[in-house]
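A, B, ... follow the sequence lines: proteins, then strands. Residue 1 opens every chain. FYI, side chains are in, hydrogens and waters are out, and symmetry mates aren't considered; it's all heavy atoms of this structure.
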Amino acid sequence: MIYWEDLAVGWSVTTPEKTVSREEIIDFAEEYDPQPFHLDEEAAKKSILGGLCASGWHIGSIAMRMVHDSFHVDAAALGSPGIAEMRWQKPLYVGDTVFITAEVTGTRESQSRPDMGITNWHWTMTNQRGQTVMTCDTVLLMGRRDTGAS
Amino acid sequence: MAWFEDIELGTEVELGAHTFTAEDIKRFAARFDPQPFHLDEEAAKETHFGGLVASGWHTAAVWMKLMIAFRDNHAETEGKPAPDGRPMPRGGPSPGFLDLKWIKPVRAGDTINFRSTTVEKVDLRSRPYLGIVRNLNEGFNQDGELVFSFIGQGLIERREPFVPPED
């Protein structure tokens, strides 16, 4: 188990690659973001995005799962109070293969919860063309080894 | 949607409400955020949340769902046309969001009411036919507590190209 004390600025994790399918893009869009450029190839080609691509909220959710499987699953992760900024820099198109690097940019004790520590992270999602698809600056509350929170 | 020029700061709209069932919370979590407090009632009881709570991404995705439904139900068909004949904007992509806060847990059975307020319009010298509109989006639970907020951004078409003021 990775606890708050184990992390320091500069600590990072890189996820395995994931290829995003047409079906999962459309499936998410139908339920949560039914705009033409997330649902229909022809409409997407005519749009400013140039092709069928994932909802930004789908990108965030995919990123969550990828970082979860490479970090949270082994960490005393206690949830996030928020995200300072998420930038959708390039579309995530059907068939794109992406990976994420998550790097610790800050760490401090929690004043209100002595059993928790606060960590700041910068996530970068990169596609098979070497382009940055998404970045975000997020916060993760973590359990402390010395207080045994989990 | 209205043209960028016609969007007024301070406009507040109610996007509607959504009830987060335990089944939906667990279904979303199984796909995107399988932490114990999102995935399993019994395991969640043992955590600091004390019970099943929705993934923050689930809350955000539901906001998007209600925003699109609102937009579709309030499509602007009337409005001063563009001089070059372009059709009314349909809402465009977003460059990202700012200052997202998961303030309180969204628990199984909670009903969240979402609203959106236009707070800022940004001219773009780089893209004279587009402007950025920023909205403060907020979610309140059935007890009136603010549980979720963020600043959304949309690229919205202008009726006429932006002419920067002379320096």
Side-chain angles (χ1 to χ4, degrees), chain A residues 24 27-39 43-44 47-50 53 55-69 71-73 75-91 113 115-116 134-141 143 149-150, chain B residues 18 24 27-39 43-44 46-49 53-69 71-72 89-106 127 129-130 148-155 157:
Chain A
E24 57 192 304
D27 189 48
F28 186 97
E30 281 180 341
E31 184 159 9
Y32 297 112
D33 194 354
Q35 300 189 74
F37 37 74
H38 301 319
L39 286 174
S47 78
I48 189 171
L49 295 170
C53 57
S55 164
W57 301 104
H58 193 193
I59 292 174
S61 299
I62 288 170
M64 179 67 231
R65 181 59 192 261
M66 292 174 77
V67 175
H68 170 274
D69 289 355
F71 177 75
H72 291 61
V73 71
L78 299 178
S80 169
I83 296 176
E85 184 172 4
M86 177 168 276
R87 305 161 200 88
W88 294 311
Q89 296 183 202
K90 291 274 179 196
R113 294 288 301 256
D115 55 334
M116 293 185 189
M134 178 279 288
T135 65
C136 74
D137 292 292
T138 182
V139 181
L140 179 66
L141 302 176
S150 61
Chain B
H18 181 90
D24 269 357
R27 187 168 58 91
F28 188 97
R31 282 164 74 191
F32 297 115
D33 196 354
Q35 301 185 74
F37 36 76
H38 300 320
L39 199 57
E46 305 300 315
T47 71
H48 65 298
F49 286 115
V53 298
S55 168
W57 293 104
H58 188 186
T59 309
V62 166
W63 168 85
M64 187 76 226
K65 179 188 184 76
L66 293 177
M67 174 55 93
I68 295 295
R71 238 192 241 171
D72 288 349
R90 296 192 55 187
S94 167
F97 60 78
L98 306 168
D99 208 18
L100 185 146
K101 294 172 185 163
W102 290 303
I103 299 157
K104 282 181 173 285
V106 173
R127 308 183 84 167
Y129 280 94
L130 292 172
F148 171 70
S149 72
F150 73 99
I151 304 285
Q153 307 184 97
L155 285 166
E157 280 187 74

### Gap separating the NE2 atom of B/His38 from the CE atom of A/Met64, nearest 0.5 angstrom
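Answer for the NE2-CE pair, B/His38 versus A/Met64, is 6.5 Å.
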### Query
Rounded to the nearest 0.5 Å, how far does CG of B/Leu100 lie from CG of A/Asp137?
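One gets 12.5 Å once the value is rounded to the nearest 0.5 Å.
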### Query
Going through the checks in order, is the ring-ring contact (aromatic ring centres under 6.0 Å, His included) test met by A/His68 and B/Phe32?
CA-CA 9 Å; A/His68 170 274; B/Phe32 297 115; over 10 Å; no
### Task
Name all residues meeting the salt bridge (Lys or Arg N to Asp or Glu O under 4.0 Å) criterion together with B/Lys65; count only those two or more places apart in sequence or in a different chain, and write none if there are none.
none
### Query
With A/Glu85, which residues qualify under salt bridge (Lys or Arg N to Asp or Glu O under 4.0 Å), at least two apart?
A/Arg87
### Message
Is the distance from the ring center of B/Phe150 to that of A/Trp57 below 6.0 Å?
### Response
yes
Proximity breakdown for [X] and chain B, heavy-atom pairs closer than 4.5 Å:
X	result
A/Gln35	side chain
A/Pro91	neither
A/Leu49	side chain

Heavy atoms, side chains only, cut-off 4.5 Å: are [X] and [Y] in contact?
X	Y	value
A/Ile83	B/Trp102	yes
A/Leu78	B/His48	yes
B/Met64	A/His58	no
B/Glu157	A/Ile48	no

### Summary
Checking B/Val62, B/Leu66, B/Ile68 against A/Tyr32 for side chain to side chain contact (heavy atoms under 4.5 Å, CB included), the one that qualifies is B/Val62
### Query
If you take all heavy atoms of A/Ala77 and B/Gln35, which pair is closest and at what distance?
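Taking every non-hydrogen atom into account, CB-OE1, 3.7 Å.
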## Note on the structure
Nearest heavy-atom approach of A/Phe37 to B/Pro93 is CZ-N, 4.4 Å
### Query
What residue in B/Lys101, B/His58, B/Arg27 has the most heavy-atom pairs under 4.5 Å with chain A?
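Top option by heavy-atom pairs under 4.5 Å: B/Arg27.
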#### Entry: Heavy-atom pairs under 4.5 Å with chain A, option from B/Ser94, B/Gly56, B/Ala69 with the top count
B/Ser94
### Query
B/Phe148 versus chain A, heavy atoms under 4.5 Å apart: side chain, backbone, both or neither?
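Contact with chain A is absent: no heavy atom of B/Phe148 under 4.5 Å.
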### Task
Please flag which part of B/Pro34 lies under 4.5 Å from any non-hydrogen atom of chain A: side chain, backbone, both or neither.
both
